Amino acid sequence: MSVSWWIWAVLMLAIAAMLAVDLFLHRDNHVVGFREAAAWSGIWVAAGLLFGAVLWAWQGGDVAGTYYAGYLIEKALSIDNVFVFALIFTYFAVPAAFQHKVLFWGVLGALAFRLVFIFVGAELLETFFWTAYVFGAFLVWTGYKMAFRHDQQTPPDRNPVVRLVRRVVPTDPAFHGDRFFARVDGRRVATLLFVVLIAVEATDLIFAIDSVAAILAVTTSTFIVWTANAFAVLGLRSLYFCLAGLLRRFVHLHYGLAVLLAFAGVKLILSETPVGKLPIPVTLGMIAVTIAVSIGWSLHSTTPDTEARDADVGSSPGTAR
């Protein structure tokens, strides 16, 4: 699918405008409640679905179906991002009022990283057929790790990128309001909130590789892959504030995400065999059923009391899960 440069420009301006509105409405660093988060989630989901409808009218049902498949994959994988963001915020005891700011700038970084990965990944797949086997095997392996090694989390402050930043940039181990940098004893230093932002960005960098590779299994159209990623990631902040209180009930969700990653890997490998690419309706159905089953299984296996009980026994600020 070939898209003119001006369409890319209009899309970028539209995304920038939406982010500017979001930043303006949250300029006072207020604590985001569930109702506000749910309203914003509805807005971002509506925007993503509406863009798919525009694609349907412009390019037809196959292109729109491909976009929706990529959007659903990224949206599902975003839930795992939420788990890790909750871990980071708890570990560093980030005040609730500052969490939206960290996630806002984290989303900007996520969009930039994904844009690079998409163009590089798509070019590799178009140029070297064997990269489909490499990416496919990587996704299957990632799915295996998510299913059977999901609890083996690295403490946020031991992330190599975070440790490197702390070595290179003078850092003060305290929050200074909502500032990423402050002047301490006459010297300009990074605050703990900046370290949290780096932890979020470093974590999302890993997720970006998984999610971009998974969507490239559906299509190598850079425009479709980018838009599916962008509209899903734009709602990541509001999704976090909606689901933060429910995360402990999603005890089996990682199995569903593992299945999706493995499915994407197999799909990518099959695309370079006589089997060819699987039909989009099959892909959409597999994604929807897997997400629904894993969430339903999780909710059935737990009760609302589980969340409160785990919160009492669970990790305290400064302790990794």
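Just so it is clear, the structure is predicted and the values come from calculations on it, not from any experiment. Numbers here are sequence positions counted from 1.
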Inset, instruction - Return yes if some donor-acceptor pair links the side-chain N/O of Asp22 with the main-chain N/O of Met18 below 3.5 Å, else return no. - result: no
Name every donor-acceptor pair, under 3.5 Å, that has one atom in a side chain of residues 94-110 and the other anywhere in the protein, sequence neighbours excluded.
unit_1, atom_1, unit_2, atom_2, d
Gln99, OE1, Tyr240, OH, 3.4
Gln99, NE2, Val94, O, 3.2
Lys101, NZ, Asp178, O, 2.7

Inset, instruction - Looking only at non-hydrogen atoms, find the nearest pair between Ala122 and Leu216 and report the distance. - result: N-CD1, 4.0 Å
Inset, instruction - Grab the two heavy atoms, one from Asn229 and one from Ser211, that are nearest each other, plus how far apart they are. - result: OD1-OG, 3.9 Å
Legend entry - side-chain contact (heavy atoms from CB on, under 4.5 Å) involving Val120 - partner list, sequence neighbours excluded: Val116, Leu124
Inset, instruction - Please name the pair of heavy atoms, one in Ala190 and one in Val169, separated by the smallest distance, quoted to 0.1 Å. - result: CB-CG1, 3.8 Å
Legend entry - Where Val45 and Lys75 come nearest, the two heavy atoms and their spacing: CG2-CE, 4.2 Å
Legend entry - Beyond-backbone contact of Val225 with Val218, side-chain heavy atoms, under 4.5 angstrom: no
Legend entry - Flag side-chain contact, heavy atom, 4.5 Å: Ile287 against Tyr68: no
Inset, instruction - Calculate, to the nearest 0.5 Å, the distance between atoms CD1 and CG belonging to Ile291 and Leu260 respectively. - result: 5.5 Å
Inset, instruction - List, by chain and number, the other hydrophobic cluster members for Val54, where Ile, Leu, Val, Met, Phe, Trp and Tyr join if side-chain heavy atoms come within less than 4.5 Å, directly or indirectly. - result: none
Legend entry - Test item: Arg237 and Trp44 side chains (from C-beta on) under 4.5 Å apart, heavy atoms: yes
Inset, instruction - Check whether any side-chain heavy atom of Pro173 sits under 4.5 Å from a side-chain heavy atom of Leu192, and report yes or no. - result: no
Inset, instruction - For the pair Tyr67 (side chain) and Gly48 (backbone), establish whether a donor and an acceptor sit closer than 3.5 Å, ignoring hydrogens and angles. - result: yes
Inset, instruction - Flag yes if Val293 and Leu77 sit in one hydrophobic cluster, no otherwise; membership is Ile, Leu, Val, Met, Phe, Trp, Tyr, and two members link when side-chain heavy atoms are under 4.5 Å apart. - result: no
Inset, instruction - Ignoring hydrogens and angles, tell me if any N or O in the side chain of Ser298 forms a donor-acceptor pair with the backbone of His252 under 3.5 Å. - result: yes
Inset, instruction - Measure from the side-chain N and O atoms of Thr219 to the backbone N and O of Ser221, and report whether any donor-acceptor pair falls under 3.5 Å. - result: yes
Legend entry - Value rounded to 0.5 Å, distance of CG in Leu139 from CE in Met146: 10.5 Å
Inset, instruction - Check whether any side-chain heavy atom of Thr131 lies under 4.5 Å from a side-chain heavy atom of Glu126, and answer yes or no. - result: no
Legend entry - Straight-line distance of Leu234 CG to Leu19 CG, nearest 0.5 Å: 5.5 Å
Legend entry - Which residues share a side-chain contact (heavy atoms from CB on, under 4.5 Å) with Ala262, sequence neighbours left out: none
Legend entry - ring pair (Phe, Tyr, Trp, His ring centres under 6.0 Å) partners for Phe128, two or more places apart: Trp130
Inset, instruction - To the nearest 0.5 angstrom, please state how far the OG1 atom of Thr142 sits from the CG atom of Leu261. - result: 6.5 Å
Hey, can you pull the donor-acceptor pairs under 3.5 Å for the side chains in residues 35-43, sequence neighbours left out?
unit_1, atom_1, unit_2, atom_2, d
Glu36, OE1, His30, NE2, 3.0
Glu36, OE2, His26, NE2, 2.8
Glu36, OE2, His30, NE2, 3.0
Ser41, OG, Ala37, O, 2.9
Ser41, OG, Ser238, OG, 3.2

Inset, instruction - Could you tell me whether the side chain of Leu11 reaches within less than 4.5 Å of the side chain of Phe223, counting heavy atoms only? - result: yes
Inset, instruction - Check whether any side-chain heavy atom of Leu284 sits under 4.5 Å from a side-chain heavy atom of Pro281, and report yes or no. - result: no
Legend entry - Rounded distance (nearest 0.5 Å) linking atom CZ of Arg183 with atom CZ of Arg188: 6.5 Å
Legend entry - Where Ala174 and Thr191 come nearest, the two heavy atoms and their spacing: O-CB, 3.8 Å
Legend entry - In one Ile/Leu/Val/Met/Phe/Trp/Tyr side-chain cluster, 4.5 Å: Leu13, Val10: no
Legend entry - Gap between atom OG1 of Thr290 and atom CG of Leu257 - 0.5 Å precision: 9.5 Å
Inset, instruction - Just jot down the ring pair (Phe, Tyr, Trp, His ring centres under 6.0 Å) partners of Phe231, sequence neighbours excluded, or say none. - result: Phe51
Inset, instruction - Output every pair passing salt bridge (charged side-chain N to carboxylate O under 4.0 Å, His left out) with a member in residues 165-175, not counting sequence neighbours, ordered by first then second residue. - result: none
Legend entry - Residues forming a side-chain contact (heavy atoms from CB on, under 4.5 Å) with Glu123, sequence neighbours excluded: Thr127
Legend entry - Phe138 ring center within less than 6.0 Å of Trp141 ring center: no
Legend entry - Atom of Trp226, atom of Leu111 and distance for their closest heavy-atom approach: CZ3-O, 3.2 Å
Donor-acceptor pairs under 3.5 angstrom involving side-chain atoms of residues 193-210: please list them, not counting sequence neighbours.
unit_1, atom_1, unit_2, atom_2, d
Thr203, OG1, Ala199, O, 2.8
Asp204, OD1, Asn81, ND2, 3.0
Asp204, OD2, Arg114, NH1, 2.7

Inset, instruction - Please go through Val189's hydrophobic cluster and name the other residues, only I, L, V, M, F, W, Y counting, with side-chain heavy atoms under 4.5 Å joining them. - result: Val184
Legend entry - Cluster companions of Trp297 among Ile, Leu, Val, Met, Phe, Trp, Tyr (side-chain spacing under 4.5 Å): Tyr255
Inset, instruction - For Asp62, look at atom CG and say whether over 12 heavy atoms of other residues, nucleotides or ligands are found less than 6.0 Å away. - result: no
